[in-house]
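I am attaching a structure below and will ask some questions about it afterwards.
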Amino acid sequence: QVQLVESGGGVVQAGGSLRLSCAASGRTFSSCAMGWFRQAPGKEREFVAGISRSGGSTIYADSVKGRHTISRDNAKNMVSLQLNNLKPEDTAVYYCAADPGASFYYVRCTLREYDYWGQGTQVTVSS
């Protein structure tokens with residue numbers, strides 16, 4: 001089991017920045033690839049960014065590429081998502097998730113591959 005707790009959400013104006021953090025406990029954090037997903041009202045949950053177990057591989061959704069950055073600190077059992085140049089369409093509940101099945105250098109972006117989820121943190125971007 002992995003327990004995940006997100007923090008760092010809030011309300012920000014368009015063009016602003018936020019940093020989301022996810023603290024993990026339970027199963028060895030470094031054995032899981034990690035991902036961030038988001039869900040806007042009335043929409044399906046979608047992949048935002050992912051990082052491999054080693055931290056050496058990252059992938060991003062096209063909609064956030066170049067604006068958001070995922071990172072992890074295995075010593076602190078933390079994964080973060082830096083959100084820059086935020087747009088109103090970034091408004092959503094952001095979820096941290098853990099994928100224990102990914103190989104060491106691999107990142108998966110499919111929701112069903114992630115077994116553990118946090119409770120989510122709200123990000124609201126005003127225009």
Side-chain angles (χ1 to χ4, degrees):
Q1 292 288 329
V2 178
Q3 292 77 44
L4 302 170
V5 179
E6 302 98 334
S7 61
V11 180
V12 63
Q13 289 188 333
S17 299
L18 283 173
R19 186 174 181 84
L20 306 183
S21 296
C22 175
S25 60
R27 178 178 178 151
T28 303
F29 175 73
S30 60
S31 69
C32 297
M34 299 298 297
W36 285 94
F37 293 75
R38 67 186 182 187
Q39 187 166 17
K43 295 187 177 181
E44 293 186 351
R45 193 170 299 188
E46 64 176 1
F47 175 81
V48 177
I51 189 166
S52 64
R53 291 162 57 187
S54 68
S57 300
T58 56
I59 56 172
Y60 297 90
D62 288 344
S63 59
V64 307
K65 198 173 296 182
R67 298 189 297 122
H68 301 346
T69 304
I70 189 171
S71 61
R72 68 186 296 163
D73 185 335
N74 287 344
K76 296 182 179 179
N77 286 3
M78 295 281 292
V79 62
S80 299
L81 184 66
Q82 178 67 41
L83 309 175
N84 294 328
N85 190 19
L86 281 160
K87 304 176 180 181
E89 51 264 42
D90 290 317
T91 294
V93 177
Y94 283 70
Y95 297 90
C96 171
D99 175 8
S103 59
F104 190 70
Y105 297 107
Y106 198 62
V107 192
R108 300 190 284 194
C109 58
T110 306
L111 188 147
R112 66 177 180 270
E113 305 290 0
Y114 288 77
D115 292 343
Y116 305 105
W117 294 81
Q119 82 289 350
T121 185
Q122 177 71 47
V123 172
T124 302
V125 184
S126 60
S127 58

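Computed from heavy atoms alone, side chains included, the values below leave out hydrogens, waters and symmetry copies.
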* Flag yes if F47 and V64 sit in one hydrophobic cluster, no otherwise; membership is Ile, Leu, Val, Met, Phe, Trp, Tyr, and two members link when side-chain heavy atoms are under 4.5 Å apart. =>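 Unlinked, F47 and V64 end up in two clusters.
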* For the hydrophobic clusters of this structure (ILVMFWY residues joined by side-chain heavy atoms under 4.5 Å, transitively), does one cluster hold both L18 and V93? ->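 Different clusters: L18 never reaches V93 through Ile, Leu, Val, Met, Phe, Trp or Tyr contacts under 4.5 Å.
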* E113: partners by salt bridge (Lys or Arg N to Asp or Glu O under 4.0 Å), with sequence neighbours left out ->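 E113: salt bridge (Lys or Arg N to Asp or Glu O under 4.0 Å) contacts with R108.
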* With rounding to the nearest 0.5 Å, note down the distance linking OH in Y94 to SG in C22. => 15.0 Å
* Please answer whether the main-chain N or O of T121 pairs with a side-chain N or O of E6 as donor and acceptor at a distance below 3.5 Å. => no
* Asked: Of all heavy-atom pairs between A98 and P100, which one has the smallest distance, and what is that distance?
  ->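 Closest approach of A98 to P100: O-CD, 3.5 Å.
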* Structure fact -> Rounding to 0.5 Å, atoms OG1 (T124) and CG (L86) come to a distance of 10.5 Å
* Heavy-atom side-chain proximity of D90 to R67 below 4.5 angstrom -> yes
* **From CA spacing to verdict: side chain to side chain contact (heavy atoms under 4.5 Å, CB included), L4, Y95** => CA-CA 9 Å; L4 302 170; Y95 297 90; over 6 Å; no
* Asked: Just by modelled atom types, is the R53 backbone N or O under 3.5 Å from a matching donor or acceptor in the N74 side chain?
  ->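 It does hold such a pair.
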* Nearest-0.5 Å distance that lies between atom OG in S52 and atom OH in Y105 -> 8.5 Å
* Sequence neighbours left out, what pairs pass side chain to side chain donor-acceptor pair (under 3.5 Å) with at least one residue falling in residues 7-24? =>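 Passing the test, one end in residues 7-24: S17-N84, R19-Q82.
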* Would you indicate whether Y116, at its atom OH, is surrounded by more than 12 heavy atoms from other residues, nucleotides or ligands within a distance under 6.0 Å? =>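 Buried by this count: over 12 neighbours within 6.0 Å.
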* Could you check if a side-chain atom of H68 sits within less than 4.5 angstrom of a side-chain atom of W36, using non-hydrogen atoms only? => no
* Asked: Linking I/L/V/M/F/W/Y whenever any side-chain heavy atoms sit under 4.5 Å apart, do M78 and M34 land together?
  ->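 Unlinked, M78 and M34 end up in two clusters.
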* Candidate pair V79 and I70, rule side chain to side chain contact (heavy atoms under 4.5 Å, CB included), full reasoning -> CA-CA 7 Å; V79 62; I70 189 171; 4.0 Å; yes
* Less than 4.5 Å apart, any side-chain heavy atom of R38 and any of T91? -> no
* Asked: Does the ring centre of F37 sit less than 6.0 Å away from the ring centre of Y114?
  ->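 Under 6.0 Å, so yes.
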* K87 NZ to S63 OG distance, which is reported to the nearest 0.5 Å ->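 Between K87 NZ and S63 OG, I get 8.5 Å after rounding to 0.5 Å.
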* Distance from L20 atom CG to Q122 atom CD, nearest 0.5 Å? ->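 Spacing of CG (L20) from CD (Q122) equals 11.0 Å.
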* Would a hydrophobic clustering, with Ile, Leu, Val, Met, Phe, Trp and Tyr connected at side-chain separations under 4.5 Å, put L81 with V2? -> yes
* Would you find more than 12 non-hydrogen atoms of other residues, nucleotides or ligands less than 6.0 Å from Q1 atom CD? -> no
* **Residue pair W117, C96: steps toward the side chain to side chain contact (heavy atoms under 4.5 Å, CB included) verdict** => CA-CA 6 Å; W117 294 81; C96 171; over 6 Å; no
* To do: Kindly work out whether a path of hydrophobic side-chain contacts (I/L/V/M/F/W/Y, heavy atoms less than 4.5 Å apart) joins Y106 to Y60.
  =>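 No; Y60 is not reachable from Y106 via cluster members.
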